[in-house]
Every structure is written in C-alpha cells, then in structure tokens.
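All values below come from the heavy atoms of this structure, side chains included, with hydrogens, waters and symmetry mates left out.
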Amino acid sequence: MLDSAAELLRLQENGDLTAVEITEKSLSAIESSEKSINAFTHVAAEKAIETARRVDAKRAAGEPLGPLAGIPVAVKDVLCTSDMPTTCSSRMLKDFLPPYDATVVEKLRVADAVIIGKTNMDEFAMGASTETSAFGVTRNPWDTDRTPGGSSGGAAACVAAGNVPLSLGSDTGGSIRQPAAFCGITGLKPTYGRVSRYGLVAFASSLDQVGPMAWSVPDVALLLQAIAGFEPRDSTSLNQYVPNYSEILQTTDLRGLKIGILSESSETEALDPAIRKAVQDAGEVFRSCGAELVEVNLPHSEYWVPTYYVIAPCEASSNLSRYDGAHYGHRTESIDTGSEHGPLVSAYCRSRDEGFGAEVKRRIMVGTYALSEGYADKYYNQALKVRRLIKGDFDNAFTQCDLLLGPVTPSPAFRIGEKVDDPIQMYLCDLFTVGANLAGLPAISLPGGSDSKGLPIGIQLQAPVLEESRLLFAAGAFQTATDHHKQRPQPLTETK
Amino acid sequence: MSKHEITTIIGLEVHVQLKTKTKLFCSCSAAFGAPPNTQVCPVCLGLPGALPVMNEEAIELAIRAGLAINCSIPPMTKWDRKQYFYPDLPKGYQISQFDLPICADGYLEITDPEDPDSIRHIGIIRAHLEEDAGKSMHDEQTGKSDTRIDLNRCGTPLLEIVSQPDLRSAAEVKEYLTQLKLILTHLDVSDCEMQEGSLRVDANVNLHIRFDGKKIATPIVEVKNMNSFRAVERALEYEIERQYADWEVDGLTIEDNPKTTRGWDDVKERTFVQREKEESADYRYFPDPDLLPIRIPAERVEELRQSLGELPRETFARLQSQHGLKPYDADVIVNQGPAMIAYYERVSELSGDAKRASSWIQQDVMRTLKDRDVSIDDFLVTSVQLGELLKRVSDGQLDNTRARDVFSYLLEKESTVEQAIAALGIEQVDSSEIDALCQALLDANPAVVDDVRGGKVQAVGSLIGQAKKKNPNANPQQVRETLLRLIGK
Ligand SMILES: [Zn+2]
C-alpha cells in the first residue's frame with residue numbers, strides 16, 4: 001500500500017485513510033526494516049506525525065491541499081533541512097543543522113508532503129554502494145548481503161523496502177539511477193538545471209542534480225512535478241516552462257518514436273549477459289508498442305568514466321574546502337601546537353583527517369592534483385575539452401533518434417565488501433550513467449527484469465535536454481506493457 | 001642620496017570596494033561598520049548547499065570604472081575560484097576572475113609631479129572583480145592568542161586594479177592614487193576611504209641602478225599595511241632609500257633574491273619583513289561551476305560609456321580653457337568633487353567673473369565648509385546667491401568687505417541677497433553725496449592734497465579709510481576716484 005503515492009492520494013480523498021494513518025504505517029514499516037537495511041540517517045517521527053495532522057486538518061476544513069498531501073517522502077541526507085540534521089553521511093557534518101531548507105525541501109513542504117526522514121548515502125555522495133557512509137552501510141532489501149547501490153542507496157532501499165512511496169535522491173554520475181536499478185525501482189535524473197540545486201550540498205556542481213525515485217513512472221512524474229522549475233537562487237537553474245508531466249502517461253502507443261540502441265554499450269564485455277538480455281527484451285517491448293529501433297553510436301563513450309573522474313574530483317576538492325573545522329562541522333580536539341606548519345594548519349589537517357572518510361580524501365587529493373599548476377592543462381582542461389566532444393556525440397545521436405536505450409549498470413547489485421577496496425572497480429559502476437551527467441541530459445532507470453538469482457535489473461532511457469516528458473512518456477508505456485516494476489522483494493525479517 | 005643613476009620602478013595593486021547596496025553574490029548589506037557577523041547569510045557564510053547569485057550592479061560599476069580608466073571591456077568574462085585555506089575565507093576559496101578580467105589594458109593620466117605642465121600615462125594591466133574575505137581580529141588584550149572573525153565583509157565586491165610598473169617615484173604614486181580616487185568617487189563607484197578599507201594599496205617596488213655600465217635591478221619588494229595616501233608615500237620613500245642602502249652593502253639583485261613582502265609601520269616609520277620568501281602559491285584557479293559566464297554586449301558598454309559624463313581630467317582641462325583658471329585653482333576645485341564643480345560653474349556664470357568665483361570658493365566657501373563640517377550640498381549659501389552677490393561686486397555695487405558681510409549674513413539667516421543687503425543697511429550712495437564727503441575730507445586734510453599733487457598718489461589711502469568710517473556704504477573705489485578727480489589729478 002505504501003508503494004503507490006497515487007493510490008494513497010486516492011484513499012485519502014475517498015476518506016478511507018488519513019495522512020496520520022499513512023504516516024504511522026510508514027513509521028512502523030521503517031521501524032521493522034531499519035535493523036535489516038539501515039536506510040535512514042534520521043527518522044523524524046514526531047515531526048512527520050505533526051505534519052500529517054496538519055494535512056488531515058486542512059482536508060477536514062476543506063482547505064486546498066498540495067499535490068503530495070499526506071504522502072510520506074524520504075529525503076536524501078545531502079539536502080538541507082532546517083528541522084533535521086544534514087550530515088551527508090559524513091562524520092564531518094555529524095551534528096550539522098542547516099539554518100535553511102533546500103529549495104526542493106521547501107517545495108515538498110508547500111506540496112503538503114510528509115517528510116519522514118533523511119536517507120543514508122555514500123559520504124558526500126561519493127560512491128556507488130553506500131558503503132562509504134560514516135553511519136554504516138545500507139543493505140539491499142532484495143538481498144541484505146548486497147549493496148543497494150549508491151550514492152542514493154538509502155533513498156532507493158527505503159522505497160524498495162516499502163517504507164515510503166516517494167524518495168528524493170541526487171545524481172552526479174548515476175547516483176539515482178544505479179541504486180534504482182539495484183533495488184528494482186524507478187529513478188529519474190532530470191536535465192541539469194531543471195531542478196534547483198539550492199540547498200543540495202555540492203559534490204560536483206556542474207554535474208549534480210536532484211531527482212525523484214519511486215516504484216512507478218506516474219509516481220516519479222508526480223514527484224518531479226513538485227520539485228522542478230526555475231529558481232533565481234541557483235544561477236545554473238533553467239528558466240524554462242515546466243510541462244505537466246503526468247498528462248501523457250497511460251499509453252502503450254509509441255508509434256512515430258525512434259529509439260536509439262547504443263551499439264557500444266551492448267558490446268561491452270563488462271556487461272552482465274542477463275542485463276544485455278534485459279536491454280534487448282526492453283527493445284522488443286518498445287518495438288511492440290510501435291517504436292522504431294535504430295542503432296546509434298556515441299564514439300567518445302569510452303572516455304566518459306575518465307572524464308568524469310577528473311571533473312568530478314576537481315569540483316569536489318574545491319567544494320569540500322569549506323569543511324575545515326573553523327566555522328562548523330567537525331573540529332579536532334588535538335591541535336598540534338608544535339607543528340612545523342603552525343597550529344592553524346595542524347587544526348585544518350587534523351579536522352579534515354578525522355572528519356572525512358577514505359573515499360572522500362581520495363577524491364579531494366585527485367582533484368587537488370588535477371587542478372595544480374602544471375597539471376591543470378593535462379587533466380582538468382583536457383577533461384573539459386573531452387566533455388564538449390561527449391556532449392557533441394549526444395547532440396549528434398539525437399538527430400537520429402528521440403531516445404536512447406541501454407543498460408544502467410554493468411551488473412546487478414554486488415555483495416557488500418566486494419568492491420569497496422577496489423576504487424577502479426567501483427568507478428566502473430558508472431560506466432553507462434555518467435554520460436548523461438557530463439552532457440546534462442535527463443535519464444531514467446526502469447525495472448527491466450531480474451537475473452537468475454532474482455536480483456533486479458535496470459534499463460536506462462536517455463533523452464535530449466529538457467525532454468523529461470518524452471522520457472516519462474516512453475517509460476510509462478514500457479510499464480504499462482510490462483510488470484517488472486510490480487515485483488517486490490520478500491518482506492524483511494528483523495533477524496538478519 | 002645616490003652616487004649612481006637610479007630609476008625607481010613601482011607597480012600598484014589597488015583594491016577598491018564597490019558601492020553596491022548588497023554584496024557580490026547575496027543580498028546582505030555591504031555597508032561598513034555594522035556589529036560583527038550581523039550582515040551575513042548562508043551564501044556569504046559559505047554554508048553547505050548555498051549558491052552564489054551575481055550582483056548586476058557590481059558588473060555595471062566595474063564597467064564604469066574600467067571605462068573611466070580607459071580599459072577595454074571584453075564581450076565575455078567569467079568567474080573563477082581562487083583556492084586557499086584561511087579562517088576568514090569560509091568557503092576555502094574566493095570567487096575572483098583569473099584569465100578573463102572584466103577590464104583590461106587601460107591607463108590613467110596623471111600630472112607629472114616634477115613638471116606640472118606635463119602629463120604621464122600610467123598603464124593599467126587589468127581590473128577584475130572579486131569578493132572580499134572576512135576580517136580576522138587578533139585579541140591582544142586578553143594576552144591569549146584568540147582570534148575572532150568578523151564575516152560581515154565576506155562577499156563585499158572589490159575591484160582589483162593592477163597597474164603596469166610605470167610609476168617612477170613616491171610622489172607619482174600619490175598622484176596616481178589621488179587621480180584614481182577622484183575618478184572613482186566622481187563616478188560614485190567607490191568611497192575610496194583607506195581608513196575604512198574601501199581602498200587598499202599593495203605596492204611592488206624595486207630600483208634599476210646603472211652600475212659599471214650595466215643595469216642592475218634590486219630585489220622586488222611588495223609593501224603592504226599602508227592605511228593612508230600619506231603612509232603610502234612615506235613607505236615608498238623609505239623603501240627606495242632602504243633598497244639603495246642595502247644594495248650598497250650587500251649588492252643583492254633580483255636574481256639573488258625572489259620577491260619579499262614587507263609591512264609598513266606607521267609609528268616607527270619604516271618597513272619590516274613580513275614574509276622572507278614568497279611561497280610559490282598555487283591557487284588552483286578554475287571556472288566557478290556555480291556561476292554562468294557573463295556576456296557583455298557592446299551596446300551596453302557604449303551606453304555606459306555615454307553615461308559617464310565629464311570625467312575629472314576633462315573638467316580640469318575645461319576649467320582652464322573655458323574659465324581661464326590656473327592649473328592650481330582648477331585642480332583645487334576639481335578635487336572637491338562633482339557637487340563643488342557644479343557649484344563653481346554656476347557662481348562663475350552668474351557673477352560673470354570666473355576668477356573671482358574661484359577665489360571666493362577657495363577661501364570663503366571652503367573655509368566655512370571646513371569650520372562647520374558640512375558638505376557643499378548642505379551649504380546655506382546657494383550658488384545662485386553667491387553668484388548674485390559676486391555680480392554686485394563685479395559691477396562695483398559692493399566692495400569685498402561689504403560682500404563678506406552679506407555672505408556672513410546669508411550663513412546665519414535665510415534670506416535673499418537683496419534682503420541681506422537691506423537688512424545690513426547697505427545702500428548705494430549717491431555720487432553727489434560722495435562728492436560732498438570727499439570735498440569735506442580734502443578741506444580738512446590739505447597735506448594729503450599736497451602729497452598727491454607732489455606725486456604720492458597713494459596718500460589718498462588714508463582718506464578712503466576715513467570716508468568708510470563716516471559712511472560705511474561708500475564704495476572705496478568710487479571714493480578714491482572722486483578724491484583724485486577733486487584734487488585735479
Ligand atoms: Zn550574505
């Protein structure tokens with residue numbers, strides 16, 4: 001029941017369920033699964049009930065209600081909330097309470113959503129398994145020995161575990177789409193600039209984007225509608241009309257639509273055969289809906305990951321400079337006053353050393369190096385040039401087709417601990433997703449079946465800039481024609 | 001001082017705070033003097049998730065300043081992050097401009113201090129926008145090494161103006177700063193108050209010495225911590241002497257010693273070493289991904305150029321050519337700023353006597369302004385009143401003494417010049433009355449008559465004084481002429 005926001009809205013309208021009842025169900029679902037999956041860094045039980053009461057009172061008084069009235073929504077802990085800690089799953093921000101709400105959080109409140117809590121993630125969104133969190137790993141509800149993906153692992157797991165119908169994630173290199181694929185749900189990364197980044201704690205500013213996660217396309221559309229739009233506080237926000245994303249769903253008729261199949265990704269050896277098959281099957285579903293399949297290529301796709309792993313750490317190294325222990329966040333208690341660089345430098349070094357985890361430090365060092373005098377041209381500036389070529393590839397591909405179809409991940413959910421000591425293996429999880437971030441395109445991850453072990457498999461659609469409607473239209477048709485998104489994991493038992 | 005031929009080489013980096021209502025990237029007030037940490041928000045505090053939004057007014061002020069110092073304005077400029085750690089820099093980087101500054105390649109005209117009739121062009125390499133950092137206040141009273149940080153200044157807009165090393169003396173530096181301040185205050189781009197930190201100067205200085213037929217350059221020193229134009233001048237004078245003296249002793253040249261930084265101690269009147277060797281700072285500049293590049297259409301630049309109006313150097317030239325003022329007098333008036341220039345021009349026009357207007361303004365008006373600590377905008381004697389008053393002087397209706405009485409009266413009571421004259425009992429004296437008065441004086445002083453006839457014309461002076469006593473309204477010039485006529489000279 002907690003798996004459909006649309007259904008919950010209907011039940012409230014019919015008077016069959018109150019917002020308080022829904023919220024209580026959500027809270028008790030969280031309570032029973034949290035020991036198994038650790039999806040949350042903070043659960044705001046009292047505040048959520050309070051909000052739900054207000055929604056019920058408004059409904060009783062006949063007052064107008066927002067589009068997410070009484071719907072429990074989980075918020076990734078990278079988004080600022082004025083009434084809950086915002087930790088980025090880092091020791092550095094363990095007790096940080098922002099004095100303001102992120103724009104998307106403000107919008108949730110305006111939409112009368114019930115913010116249920118903050119979800120666990122890879123530290124500062126750096127990772128693909130939620131294993132780099134300072135507050136413990138999140139486990140995959142389909143198999144708790146496996147990761148839910150990352151960095152929005154908690155955001156995906158809490159939906160998959162039936163805690164909440166809607167969840168907000170953020171996606172810098174695949175951080176919404178890959179966990180959605182691993183957890184068998186739907187996740188959308190909007191066009192860069194479609195959703196305000198104000199209050200989203202920056203990882204890589206030119207790549208970060210907030211997006212919706214849910215079981216189905218209509219729910220994803222509902223949440224996207226609530227958060228999309230221009231905002232003057234974010235200079236990179238796009239001042240463009242926001243269409244009604246729910247208007248065109250519920251069709252299986254895709255005649256006239258050309259879907260590009262990426263020849264490179266289907267040939268990649270790294271790709272799990274079950275995923276290759278799922279993508280082919282998805283192509284057949286689209287064809288059966290009337291779409292035309294065309295083969296396209298993105299010649300520079302082999303440079304996506306190297307380009308991303310220069311640009312993202314460069315920006316991160318700069319964005320994370322502010323965490324120095326001087327103004328807020330973790331500050332060391334053991335300043336070495338006799339340090340040869342002086343007490344100030346010692347305070348910086350120790351605060352940052354104690355506050356950041358290994359992966360964050362690794363990326364700060366990589367980025368610092370790549371921006372250094374004498375190296376910036378070789379790495380950062382070179383990466384910017386390649387990024388333009390990558391964008392050009394997509395522009396070119398979209399002259400031949402309307403959407404691109406491909407895999408989300410090379411493999412289904414891997415085991416916890418399997419890749420955590422091998423950064424390169426971890427970075428290759430982003431093989432198929434970082435292109436959309438580098439080019440600023442919208443992309444969606446959809447449940448596309450499962451492998452022999454019953455682990456969910458995701459398929460990805462990518463669209464030209466600001467064509468979220470087209471993406472949702474095709475994705476909606478796919479879900480009308482299939483029931484992969486209706487598969488659910490076994491209920492979690494507390495014993496594990 | 002020297003036995004050798006020396007050329008002083010000075011280049012300046014001047015930071016001016018732009019007079020925007022709000023900070024460069026947020027809507028906090030940029031006003032000076034508020035209690036610590038009261039003019040801050042998530043953006044200028046650099047809190048996680050906060051994003052900068054560019055202040056258009058700062059762009060406009062920077063372009064106006066750039067045009068006034070003859071810079072070109074590129075069609076596109078951008079923001080870069082300059083990265084370093086310091087407690088008064090909460091983001092760990094400063095938003096600045098690296099390779100595409102908003103203003104480039106200009107020059108400033110200054111009067112050569114050695115030769116007031118000649119003009120020097122001081123090259124300007126670039127002027128770029130950046131946000132200011134906060135202020136660290138070291139608490140020395142408690143004896144502890146506490147440092148308190150005021151972030152009010154964080155994010156206020158600065159324009160950093162970098163000159164070519166074209167300045168050749170401390171006096172030229174002072175002239176350069178004076179001209180720069182004049183232009184920027186004239187355009188209302190900045191207050192340029194060194195005391196308040198809205199103008200800050202760093203000077204790079206060294207000497208080129210001719211020695212054994214070769215040119216030797218002394219090590220470059222960056223001088224900081226100067227908080228008045230006078231301090232800049234003295235610091236540089238000191239530094240020039242010091243570098244020469246040091247070179248005579250140690251013979252070190254630019255090849256031996258990289259750049260060092262020295263501070264100016266205003267009390268001890270000397271510079272002291274702050275940093276021995278300039279660490280090769282790597283600021284890891286890169287374009288700020290939170291901000292978009294700025295496109296500046298040529299039409300907008302043209303519009304702003306038109307809006308500049310007459311600049312101080314142009315006024316300076318015009319006051320000489322059009323009003324016939326001497327360079328010194330023109331300079332004094334221009335230095336008082338646009339309001340005084342307008343005041344002068346009105347007085348000059350209404351009185352029909354440009355020089356008299358200039359001398360009255362420089363003496364009576366400016367002295368009163370200073371004594372009463374008011375600005376010309378709030379001055380009680382309007383330009384129309386003073387113009388009318390001086391016209392009467394020029395027409396011979398009033399002498400200077402009586403005109404000063406009227407001026408003093410106008411400073412105390414709100415009235416017209418006409419009313420003031422009436423109230424003071426000043427009236428035109430009939431010429432027959434003057435004739436009678438003069439004849440009476442001549443009759444009573446035959447010795448004076450003899451003196452004048454004997455060629456000592458100045459002897460009438462004593463009678464003019466007596467005439468004034470008998471009738472304060474008698475115009476001394478008229479009395480003098482009448483006396484001489486009656487004597488028959
Ligand atoms: Zn502010």
Less than 4.5 Å to any heavy atom of chain B: does that hold for the side chain of [X], its backbone, both, or neither?
X: A:Ser196; result: neither
X: A:Leu207; result: neither
X: A:Tyr323; result: side chain

Do you know the tightest heavy-atom contact between [X] and [Y]?
X: B:Asp290; Y: A:Arg197; answer: OD1-NH2, 3.0 Å
X: B:Tyr93; Y: A:Asn319; answer: OH-OD1, 4.4 Å
X: B:Pro87; Y: A:Tyr348; answer: N-OH, 3.0 Å
X: B:Phe85; Y: A:Ser321; answer: CE2-O, 3.4 Å
X: B:Arg81; Y: A:Glu315; answer: NH1-O, 4.3 Å
X: B:Gln83; Y: A:Leu371; answer: NE2-CD1, 3.6 Å

Rounded to the nearest 0.5 Å, what separation is found between the [atom1] atom of [X] and the [atom2] atom of [Y]?
X: B:Leu51; Y: A:Thr236; atom1: CG; atom2: OG1; value: 7.0 Å
X: B:Ser27; Y: A:Arg233; atom1: OG; atom2: CZ; value: 10.0 Å
X: B:Leu292; Y: A:Ser235; atom1: CG; atom2: OG; value: 6.0 Å
X: B:Tyr86; Y: A:Asp324; atom1: OH; atom2: CG; value: 12.5 Å

For A:Tyr100, is the OH atom crowded, meaning more than 12 foreign heavy atoms sit under 6.0 Å from it?
yes
Are the side chains of [Y] and [X] in contact, using a 4.5 Å heavy-atom criterion?
X: A:Arg322; Y: B:Leu47; value: no
X: A:Thr368; Y: B:Arg284; value: yes
X: B:Phe286; Y: A:Ser317; value: no

Output yes when a side-chain donor or acceptor of B:Asp282 lies under 3.5 Å from a complementary backbone atom of A:Glu373, and no otherwise.
yes
Heavy-atom pairs under 4.5 Å with chain B are the metric here; pick the option from A:Leu320, A:Asn381, A:Asp234, A:Asp208 that has the most.
A:Asp234
